[in-house]
Each structure stands twice: as structure tokens, then as C-alpha cells.
Number of protein chains: 2
Amino acid sequence: MSNRRSPRLDLTPAGRMEEARLQKVLGYQLAQATIVTDAIFREQVGKPLNLRPVEYTVLTLIAENPGGSLVRLARALCVTPPNISTMVDRLEAKGLIARESSEEDRRAHVLHVTSKGADLVRKATQKIVAAESQALPLSAGEQAILAELLHKVALARSKVLGG
Amino acid sequence: MSNRRSPRLDLTPAGRMEEARLQKVLGYQLAQATIVTDAIFREQVGKPLNLRPVEYTVLTLIAENPGGSLVRLARALCVTPPNISTMVDRLEAKGLIARESSEEDRRAHVLHVTSKGADLVRKATQKIVAAESQALPLSAGEQAILAELLHKVALARSKVLGG
DNA sequence: TATTGTTATACTCTATAACTATA
DNA sequence: TATAGTTATAGAGTATAACAATA
């Protein structure tokens, strides 16, 4: 974890401003780290594959959970149903997913990816994972630890938001 | 790091969707963790102190860097100058910061917090830090490691974005 | 010419409200 | 009465373009 050759500086990653207090705020650090991963996503997937971050996530969740409903997606991503609705519209218009009426519950829809969508998800995930491990100054072990800790934070959601 | 009593499940924190592939994508995990820290911020600071996340960050950076300019803030936060400009307008209207013309460079403005702003920053940071360590299932050591790793990721910004 | 900062504007993201159709 | 999903609309958030003042 420690690296004697690059000591921790209390400066923002850009603009060279003192940020000692903010370094104690996890929310701030998440935002700063997200600037980097957003840039990687945009470069590797957003621009070349014409896919927005949330679209990629929705597409992946549908790919891994065929037959899921809109409401489950909304809950998983913590966004409102209207959002998911229009998002799914876009993905359907692009030919990446298909939406059918459920036979058990005729209110609900059943979602699954098309082969085109499955290909896109596979390629996108491959590119992001490769680009992240190449661009980020983390060892494989550090990446694993980071993933684990972030997952723990994410799991506090029910405690914080209820549900 | 490991916890035998709560084995890692490849399920989303809500909605119980399979997310094995996404767990390899750092950007996704950051987004999921941010859902939690955003909720904590809103509850502890956003609502009671009537402050938005970016406003809090800007206010803190000004408090720690008195005499700084708008452009430096924009660079630190990776947003465009017009954004910072209106944000600073709001903070000034709330009486939290003061903006003066620089004497060295008469184009530039010099920013510093008012005593009201300094009080607010102190109280806000206190509340967030306390709430985060209370609400998140991380030991002090884990929090430190997480902070360190996120900082490393954030430092990759120049590599990814240039500059 | 380049930089600081502003205004005006537009686009994206996400939320709420109101609705339908089913259960 | 509650739930799945949609449409319409409104509010943040952030970006680009065009500009004024200064370096």
C-alpha cells in the first residue's frame, strides 16, 4: 500500500490546491476517482461504441440477468422507473435489447439482449477492464482490495437508504 | 480484508441482480459506492445545511486555499469555468465567501471564505466524516486503505486526461 | 495572442406527477 | 388497493460559444 518514492501530498490531482480536509471525506475521493474512470470509459467505450455509462451498465445487467424486469433494474441502479424506461427505449431502438410482455404477469416486461447487444457488452467490458488496469497505477492486488472495499461501501446502501 | 461470515455475492446491492462482470469494472463500483456517500451527504449536510455536494467541495477548497482563483478551482474539480463562476455567485449570495479583484492581476479574482463560510465548512466536514465512519462497515484501517487507493486512482488523471 | 472571468444558451441526467393496465 | 410501466414535464448539472477586460 505504501510507496516511499511518491509520498502522499495534500494537493488536488490538478490545480495544486490544498485538500487536507477533503481527503477525509470519502464522497470527495470517490468523485475525484470517478473523473478518471469516466474519462477512461468515454475514451474506450463511450466514443467508439457510442454508449453512455448508464447504458453500458443497464445493458450488462440485462445480459447477466435475462428475463429481468424494469423495476428490478431501477432498484439495482437506484434510479427511478421513468429513467429506466426511456433508457430501455434507446437500447431497443439501437437493436441491443428486446422487450417482450411477460406471460405470467401481463403488466411486466421481460428483457434480454440481442446477439448484437451481447457482442457489444462483451467487447465493451473487455476494453474497459483492459484500459483500467493499464491506465491506473494499481497492482492486481490493490485492484482487488479496492474492489472489495468499494463493494462493502455499496452494501451499506440498505442501511443508509432503507430497503 | 476477508470476512468468512459474509461471503462475497455477485449480486447488486439492491434488486438482487447478477453483476459478476460489472464487478471487474472499477467505474461501476465507484458509481455504486457513490450512491451511498451521496445519500449520507444529502442527509447530513445537503438538507440540513442547504448545501449541494459541489458547493461543499468548492467552499472547502476555498477555505483551505485562501487567495485562490476561479481557474484553479475549475482545474481542481475538472469542471468548466462558467460552472465555477455561477457556483461562486451562489456561495457569495449566501454570504459564505467573498470575491475581490486581485491587485497583481486585475483580470483575476481572489477568493476567501467569510467567517460564516468557515463555520459552515467546519461543521459540514465534521458531520460528514462522523456519519461516514458510523454508517460504513469499514474499520479505520480499511478506511485509510480505501482513501489511499482512491487517491492513487485520482492521480492518474494527468495520464488519462493530459495536463 | 493568451488568459481570466462572465453571460447566454443548450444538452444531458434524473426526478416528480399523472396516467394506463394489470394484479 | 398496490404494482409495472409509460408519458410529460421540470429541475439540476455541466458543456460550448461568444464576449469583455487584462496580460
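The sequence lines fix the lettering, A, B, ..., with proteins before strands; numbering per chain opens at 1.
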* Structure fact -> Within residues 55-74 of chain A, those residues having any heavy atom closer than 4.0 Å to DNA chain D are A:Ser69, A:Leu70, A:Val71
Every protein N/O lying under 3.5 Å from an N/O of nucleotides 21-23 of chain D:
| residue | atom | partner | partner atom | Å |
| --- | --- | --- | --- | --- |
| D:dT22 | O2 | B:Arg107 | NH1 | 3.4 |
| D:dA23 | OP1 | B:Arg106 | N | 2.8 |

* **Those residues of residues 80-95 of chain A lying under 4.0 Å from DNA chain C by at least one heavy atom** => A:Thr80, A:Pro82, A:Asn83
* Has the side chain of A:Glu132 got a donor or acceptor atom that lies under 3.5 Å from a matching backbone atom of B:Gly27? -> yes
* Point-to-point distance, once rounded to the nearest 0.5 Å, from CD of B:Gln29 to NE2 of A:His151 -> 8.0 Å
* Structure fact -> Sorted by number, residues from residues 35-42 of chain A placing a heavy atom under 4.0 Å from DNA chain C are none
* Structure fact -> Applied to residues 116-130 of chain B, the salt bridge (charged side-chain N to carboxylate O under 4.0 Å, His left out) test, sequence neighbours excluded, yields B:Asp119-B:Arg122
* **Summary of salt bridge (charged side-chain N to carboxylate O under 4.0 Å, His left out) pairs that have at least one residue in residues 31-43 of chain B, sequence neighbours excluded** => B:Glu43-B:Lys47
* Asked: Does atom CZ of B:Arg16 have more than 12 heavy-atom neighbours from other groups under 6.0 Å away?
  -> no
* Structure fact -> Taken in chain and number order and not counting sequence neighbours, the residues that satisfy side chain to side chain contact (heavy atoms under 4.5 Å, CB included) with A:Ser102 are A:Glu104, A:Asp105, A:Ala108, A:Val110
* Asked: Atom NZ in B:Lys94, atom CG in B:Asp89: separation rounded to 0.5 Å?
  -> 12.5 Å
* For A:Leu150 and B:Leu26, run side-chain contact (heavy atoms from CB on, under 4.5 Å): C-alpha distance rounded to whole Å, both residues' side-chain angles, the deciding distance at 0.1 Å, then the answer. => CA-CA 9 Å; A:Leu150 289 175; B:Leu26 178 58; 3.6 Å; yes
* **ring-ring contact (aromatic ring centres under 6.0 Å, His included) against B:Tyr28, all qualifying residues, sequence neighbours excluded** => none
* Structure fact -> chain A reaches DNA chain C, atoms under 4.0 Å from its heavy atoms, from C:dC13 to C:dA23
* Rounded to the nearest 0.5 Å, what's the gap from CD on B:Glu142 to CG on B:Leu136? Could you check? => 10.5 Å
* Asked: Which residue pairs satisfy the salt bridge (charged side-chain N to carboxylate O under 4.0 Å, His left out) criterion with at least one member in residues 20-34 of chain B, sequence neighbours excluded?
  -> none
* So how far is it from B:Ile97 CD1 to B:Ile62 CD1, rounded to the nearest 0.5 Å? -> 4.0 Å
* Sequence neighbours excluded - salt bridge (charged side-chain N to carboxylate O under 4.0 Å, His left out) pairs with any residue from residues 56-79 of chain A -> none
* Asked: What residues, two or more places apart in sequence or in another chain, satisfy side-chain hydrogen bond (donor to acceptor under 3.5 Å, both in side chains) together with B:Glu100?
  -> B:His112
* Under the criterion side chain to side chain contact (heavy atoms under 4.5 Å, CB included), which of B:Glu19, B:Gln23, B:Glu18 is the partner of B:Leu11? -> B:Glu18
